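Note that these values count all heavy atoms, side chains included, but never hydrogens, waters or copies made by symmetry. Quick caveat: nothing in here was measured; it's all calculated off a predicted structure.
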Amino acid sequence: QVQLVESGGGSAQVGGSLTLSCVLSELTEYTTDIKCMGWFRQAPGKEREWVSHISTSSGRIFSDASVKGRFTITRDRNKNALSLQMNSLKPEDTATYYCAASSRDICGGRDSHYNYWGQGTQVTVSL
């Protein structure tokens with residue numbers, strides 16, 4: 001069992017930048033075998049959508065087309081941390097951003113691939 005805690009959300013202007021952070025903590029003395037970690041977001045009135053994820057074994061990164069070239073996901077293995085550097089922000093990036101982790105065999109862009117979730121952090125982009 002793990003806990004994910006996000007931080008770094010806030011407000012930014014169009015074209016600005018924000019960095020989100022997520023720290024993974026073990027809740028028991030056992031080490032959970034995390035296969036991948038990622039970021040999702042949910043805008044008001046919309047379903048939660050995948051943003052980006054990284055495989056913990058290969059380091060391969062996958063990102064949605066809407067954020068490619070603007071958002072960068074990174075993982076600090078030693079700190080059990082995940083970050084999302086968001087540049088060139090747009091109003092449509094406004095959403096609650098969730099950190100997710102998976103100990104399941106399949107990693108990808110679906111909610112069902114992940115069994116651990118953070119509480120979410122709000123990002124608001126304005127003109």
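Within the 4.5 Å cutoff, the side chain of L89 has no heavy atoms near those of the V14 side chain. Using a 4.5 Å heavy-atom cutoff, the side chains of V123 and M86 are in contact. Proximity of T56 to I54: side-chain heavy atoms (C-beta onward) are nowhere separated by under 4.5 Å. D76 is not listed as a side-chain neighbour of S83, based on a closest heavy-atom distance of 4.5 Å or more. Side-chain contact between D111 and R48: present, with at least one pair of heavy atoms (C-beta onward) separated by less than 4.5 Å. Residues F62 and W50 form a side-chain contact, since some pair of their non-hydrogen atoms from C-beta on lies under 4.5 Å apart. Using a 4.5 Å heavy-atom threshold, the side chains of V51 and F71 count as touching.
The backbone N or O of S88 lies less than 3.5 Å from a partner atom in the side chain of R70, making a donor-acceptor pair. Within the 3.5 Å criterion, the main-chain N or O of Q119 finds a donor-acceptor partner in the side chain of E6. Remark: side-chain polar atoms of E26 are paired, donor with acceptor, to backbone N or O of T32 under 3.5 angstrom. Checked by atom type and distance alone, the side chain of S63 never pairs as donor or acceptor with a backbone atom of K68 at under 3.5 Å. Judged by distance alone, with hydrogens and angles left aside, the side-chain atoms of T121 form a donor-acceptor pair with the main-chain N or O of G9 at under 3.5 Å. The backbone N or O of R104 sits nowhere less than 3.5 Å from a side-chain atom of Y114 that would complete a donor-acceptor pair. Between the S52 side chain and the I73 main chain, no donor and acceptor come within less than 3.5 Å of each other.
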| message | Run the side-chain hydrogen bond (donor to acceptor under 3.5 Å, both in side chains) test on Q85 and T19 for me, step by step, so that the C-alpha distance in whole Å, both residues' side-chain angles and the decisive distance to 0.1 Å come before the verdict. | response | CA-CA 4 Å; Q85 174 67 43; T19 302; 2.4 Å; yes
| message | The test is side chain to side chain contact (heavy atoms under 4.5 Å, CB included); show your working for S25 and V23 and say whether it passes. | response | CA-CA 7 Å; S25 303; V23 176; 4.3 Å; yes
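Distance CD1/I61 to OG1/T74: 7.5 Å, rounded to 0.5 Å. Atom CG of N87 and atom OG1 of T72 lie 6.5 Å apart (nearest 0.5 Å). Here CG of L18 is found 7.0 Å from CG of L20. Values are rounded to the nearest 0.5 Å. In this structure, NZ on K46 lies 8.5 Å from CD on E92, to the nearest 0.5 angstrom. Expressed to the nearest 0.5 Å, how far CG of D93 lies from OG of S66 amounts to 7.5 Å. Distance check: F40 CZ to R110 CZ gives 10.5 Å after rounding to the nearest 0.5 Å.
Q122 and T96 share a side-chain donor-acceptor pair at under 3.5 Å. With hydrogens and angles left out, the side-chain atoms of Q13 and S126 include no donor and acceptor closer than 3.5 Å. Checked by atom type, the side-chain pair N115/S103 shows a donor-acceptor distance below 3.5 Å. In summary, the side chains of Q1 and T28 do not present any donor paired with an acceptor at a separation below 3.5 Å, with no hydrogens or angles considered.
When all heavy atoms are compared, the tightest approach of I34 to L24 is CG1-CD1, 3.9 Å.
Below 30°, between 30° and 60°, or above 60°: for W117 and Y98 the angle between ring planes is above 60°, a perpendicular geometry.
Tested against C107, the residues R60, M37, K35 include a single side-chain contact (heavy atoms from CB on, under 4.5 Å) partner, K35.
No more than 12 heavy atoms of other residues, nucleotides or ligands shown are found within 6.0 angstrom of CD on E47. Annotation for I106: atom CD1 does not count as buried by contact number, only 12 or fewer foreign heavy atoms lying within 6.0 Å.
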